[in-house]
Amino acid sequence: MSTTLPAISAQLAEAVAVVRDRSDLVPALGIVAGSGLGAIGELVQDAVAIPYGDIPHMYAPTVVGHAGKLLLGTLEGLPVAILSGRVHAYEGHAMSDVVFGVRMLARLGAPRVLLTNAAGGVQPWLSPGSLCRIVDHINLSGKNPLIGPNPSDLGPRFPDMSTGYDPEFGGAISRAAASAGVPLYSGVYAAMSGPSYETPAEIRMLRVIGASLVGMSTVQECIALNHMGVKVGGISVVSNFAAGVSTAPLDHSEVAEVANEAGPRLLSVIRTLARQLAEAEA
Ligand code: HPA
């Protein structure tokens with residue numbers, strides 16, 4: 001390995017080498033499984049599971065409800081790589097650590113990655129349990145994973161974000177939901193830093209500026225993947241009305257519970273998506 005390569009590329013190479021010792025699968029789809037999607041692992045055939053702790057530079061999540069393993073296998077005939085659990089900036093991680101996993105998916109060969117998360121519903125029509133496709137985002141987290149010297153072998157200094165959530169991939173996600181008979185809204189995701197939930201005034205602001213969903217993840221992964229030329233799709237599970245939309249106080253255990261209840265519907269969308277992508281690529 002040349003010492004002139006930026007550190008991040010060398011770290012990615014180390015991580016990929018460990019994964020390649022256990023599996024040579026090249027994913028057609030990468031998936032980041034957020035809250036409520038833990039059960040996806042049971043559907044993956046011929047799965048190789050690698051705990052994050054075994055992969056250099058990968059951190060295990062500290063949040064309840066987030067596992068920490070990479071799964072490689074086949075879902076409905078499609079080769080997939082799944083990050084089961086993610087780390088968040090609010091846990092105190094550097095931005096480069098927050099996006100390390102998705103960069104690794106890109107280096108494993110994934111041409112597209114589906115990001116999933118639990119989010120608050122900013123619009124009153126997004127009630128708990130709803131699924132919403134992310135069509136764009138507003139990054140109010142105060143962070144961007146590309147700040148610092150640009151690792152130019154990953155991508156350009158100033159990546160275009162005008163199709164941050166790829167419209168064609170998004171269309172495939174919506175068609176999969178329709179075929180699966182699962183209602184799927186579309187909306188803009190606003191990212192806040194957390195870990196405190198938002199105030200009602202912040203949520204009113206988000207509504208005014210055009211957000212439908214609010215959360216604490218996803219946007220950094222989306223930026224890092226676009227930087228590397230990977231197509232991104234996103235689906236939020238609405239786990240709660242955002243602050244002030246209802247009078248109920250927000251509680252993480254309820255957020256996790258609703259996300260788990262909605263998990264099977266999200267899984268059925270993802271299975272159908274995988275099947276349709278496998279058919280299209282056959
Ligand atoms: N706000 C921010 N992040 C979240 C929320 C919320 O209401 N629900 C789930 N993640």
Side-chain angles (χ1 to χ4, degrees), residues 31-39 61-68 83-93 95 98-99 102 114-145 165 184-223 233-267:
I31 300 171
V32 178
S35 307
L37 254 194
T62 58
V63 184
V64 177
H66 285 264
L83 292 176
S84 190
R86 57 155 67 87
V87 294
H88 302 81
Y90 63 70
E91 292 171 76
H93 291 287
M95 270 300 107
V98 170
V99 300
V102 291
L114 176 66
L115 304 174
T116 71
N117 59 42
V122 170
Q123 298 290 348
W125 38 268
L126 281 175
S127 53
S130 307
L131 299 184
C132 187
R133 189 184 122 204
I134 303 173
V135 295
D136 204 347
H137 75 220
I138 303 174
N139 182 7
L140 298 174
S141 71
K143 303 226 162 87
N144 186 306
Y165 298 82
L184 182 67
Y185 293 98
S186 294
V188 172
Y189 177 97
M192 306 293 269
S193 78
S196 53
Y197 288 114
E198 300 70 35
T199 64
E202 287 166 343
I203 296 301
R204 287 195 297 277
M205 173 193 75
L206 295 183
R207 210 174 299 127
V208 168
I209 64 174
S212 297
L213 302 156
V214 61
M216 307 172 192
S217 65
T218 303
V219 298
Q220 285 87 15
E221 295 157 342
C222 175
I223 292 167
I235 304 179
S236 288
V237 175
V238 178
S239 54
N240 55 281
F241 285 117
V245 178
S246 90
T247 50
L250 300 189
D251 173 342
H252 176 71
S253 59
E254 282 168 35
V255 165
E257 200 179 301
V258 176
N260 283 334
E261 276 163 20
R265 271 179 295 124
L266 178 52
L267 264 185

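By convention here, the first residue in the shown sequence is residue 1. Counting convention: from 1, in listed order, for ligands and their atoms alike.
- Nearest to atom 4 (C) of ligand 1 among the protein's heavy atoms is Val214 O, 3.7 Å.
- Considering only non-hydrogen protein atoms, atom 10 (N) of ligand 1 sits nearest to Ala118 O, 3.4 Å.
- Given atom 3 (N) of ligand 1, the protein heavy atom at minimum distance is Gly215 CA, 3.3 Å.
- In terms of protein heavy-atom proximity, atom 5 (C) of ligand 1 is closest to Gly120 N, 3.4 Å.
- Looking at atom 9 (C) of ligand 1, its nearest protein heavy atom turns out to be Ser239 OG, 3.4 Å.
- Shortest non-hydrogen contact noted between Gly121 and Val245 is O-CG2, 3.7 Å.
- In plain terms, the two heavy atoms of Gln220 and Ser141 that are nearest each other are NE2-OG, 2.8 Å.
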(message) Using side-chain contact (heavy atoms from CB on, under 4.5 Å), reason through Ile223 and Met95 one step at a time and then give a plain yes or no.
(response) CA-CA 11 Å; Ile223 292 167; Met95 270 300 107; over 6 Å; no

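- Using a 4.0 Å heavy-atom cutoff, Met216 is listed among the residues neighbouring ligand 1.
- Each of Pro128, Ser127, Cys132 was compared with Ser130 under the side chain to side chain contact (heavy atoms under 4.5 Å, CB included) criterion, and only Ser127 meets it.
- Partner Tyr189 forms a side chain to side chain contact (heavy atoms under 4.5 Å, CB included) with one of Ser212, Cys222, Ser217 and no other, that one being Ser217.
- Any N or O atom pair closer than 3.5 Å counts here, and Asn240 shares at least one such pair with ligand 1.
- For the pair Met192 and Leu206, the minimum side-chain heavy-atom distance is below 4.5 Å.
- Protein heavy atom closest to atom 1 (N) of ligand 1, with residue, atom name and distance, is Glu198 OE1, 2.7 Å.
- When non-hydrogen atoms are compared, ligand 1 lies under 4.0 Å from neither the backbone nor the side chain of Met192.
- Put simply, the side chain of Leu266 reaches to within 4.5 Å of the side chain of Leu37, judged on heavy atoms.
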(request) Please lay out, stage by stage, how Val32 and Glu221 fare under the test side-chain contact (heavy atoms from CB on, under 4.5 Å). (result) CA-CA 9 Å; Val32 178; Glu221 295 157 342; 4.1 Å; yes

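- If you look at Ala243 next to ligand 1, there are no close heavy atoms at all, none under 4.0 Å.
- Atoms of ligand 1 lying under 4.0 Å from any heavy atom of Leu250, numbered from 1 in the order shown and given with element: 7 (O).
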